[in-house]
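See structure below.
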2 protein chains.
Amino acid sequence: MPNKDHGNKTKRVHEPGVHGRIWIDGPDGVFIGHGRVVLLERIREHGSITQAAKSMEMAYRHAWDLVDSMNRQAVEPFVVVATGGRGGGGAQVTEAGEKAIKLFWKLQEDFRKFLEKEQRALLKKYLVPIDGKKKQKKW
Amino acid sequence: MPNKDHGNKTKRVHEPGVHGRIWIDGPDGVFIGHGRVVLLERIREHGSITQAAKSMEMAYRHAWDLVDSMNRQAVEPFVVVATGGRGGGGAQVTEAGEKAIKLFWKLQEDFRKFLEKEQRALLKKYLVPIDGKKKQKKW
DNA sequence: TTTCGTTATTCCCTCAGATATATTACGCTT
DNA sequence: AAGCGTAATATATCTGAGGGAATAACGAAA
């Protein structure tokens, strides 16, 4: 499987500059993060954990663990599941889950702005390459 | 090796809340990050890569790779090394390296403030546990 | 020229995280 | 009651990052 470029699997080499990750921890470690939120959106889109996982080339086992982790840490579950029944069952994102999605993307957007600000500060103080080549950075 | 708790090796479980990591990428991937800056400080303190690595229980191989990565990406090296000679040689942090250290800690401090701000915003909008027990979070 | 402790380099091992595979449980629909 | 596709769960496998150990290169000092 050559050169997949979704999710955060492949070794991504960022552009030179300030980068970071941000997430929310709960009582039991990671609670809400980028991958989890994307997973929630995929579940909303596909109506099942299986299809959601497949759509982002994530192992079902991993997806299930993430959903379980979020549901155990949240007071109100983010995802409700049905086993058996027509189509074998399925999964739905709850209102609480939707709020978590919105909350995280808001946080992410703030973070993006923060990084941009720091990046500008960096550019002002130190000479960072603008032209293509891997050019000077003066420290 | 039971329960080491230095560096960032052991699985650290954070307190509930907003967390993150931040770093600076160069032309060849990660350039300056927390571990690298701590390593620089240890090199300054001990005068050798070997001792610096030992002091933070990092494999020499890994420490050397980090130093090499920084030196290759920086216009002026962050560390100058001497092989052989009295005492076998040693390593010294350059002025450029010192500037990088200062720069990163400044960035880190800004980031800490950002996280605190977001944490406060989170607390204002949603009820997050204050009393000890793993109590309610209302979403 | 011998000594010494460090840098530099190579090879193999370990371990955690994720993946892959397989099996069972489930319950609506027909 | 049989079929179906999913959830749920257990087990085995893969993989990549880092660690450990071993060795060579180095060069000033004695």
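In what follows, every chain begins at residue 1, and chains take the letters A, B, ... in the order their sequences are listed. Note that the structure is predicted; figures quoted are calculated from it, not measured.
Counting to the nearest Å, the P atom of D/dA7 and the CD atom of A/Q92 are 12 Å from each other. Distance CG (B/N71) to C1' (C/dT7): 13 Å, rounded to an integer number of Å. Between B/H62 atom NE2 and C/dT7 atom P there is a gap of 16 Å when expressed in whole angstrom units. For the pair B/M58 CE and D/dG18 P, the computed distance is 9 Å after rounding to whole Å. Taking atom CG of residue B/D65 and atom P of nucleotide C/dA8, one finds them 11 Å apart after rounding to whole Å. One can place CG of A/L66 at 13 Å from P of C/dG17, the figure rounded to the nearest angstrom.
Looking at A/K113, A/K106, A/Q108 one by one, the single match for side-chain hydrogen bond (donor to acceptor under 3.5 Å, both in side chains) with A/D110 turns out to be A/K106.
Within 6.0 Å of CZ on A/R72 lie more than 12 heavy atoms contributed by other residues, nucleotides or ligands. Within a 6.0 Å radius of CD in A/Q92, no more than 12 heavy atoms belonging to other residues, nucleotides or ligands are found.
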Report, one pair per line, the protein and nucleotides 9-13 of chain D atoms (nitrogen or oxygen only) whose separation is under 3.5 Å.
{"unit_1": "D/dT11", "atom_1": "O4", "unit_2": "A/R61", "atom_2": "NH1", "d": "3.2"}

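Of all heavy-atom pairs between A/Q51 and A/S48, the closest is N-OG, 2.9 Å. Here the closest heavy-atom approach between residue B/R44 and residue B/V93 is recorded as N-CG2, 3.7 Å. Across every non-hydrogen atom of A/L115 and A/G20, the tightest pair is CD1-N, 4.0 Å. When all heavy atoms of A/I49 and A/A63 are compared, the closest pair comes out as CG2-CB, 4.0 Å. Closest of all the heavy-atom pairs between B/S69 and B/R36 is OG-NH1, 3.0 Å.
Using modelled atom types and a 3.5 Å distance limit, the side chains of A/E41 and A/W105 yield a donor-acceptor pair.
In summary, A/R112 and A/E116 engage in a salt bridge, as defined by a charged side-chain N under 4.0 Å from a carboxylate O.
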Protein-proximity profile, nucleotides 24-30 of chain D, B/S/- by nucleotide at the 4.0 Å heavy-atom cutoff, equals --BBSS-
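In this structure, the ring of A/F104 has its center no less than 6.0 angstrom from the ring center of A/F31.
Taking every heavy atom of residues 40-51 of chain B and every atom of DNA chain D, no pair lies under 4.0 Å.
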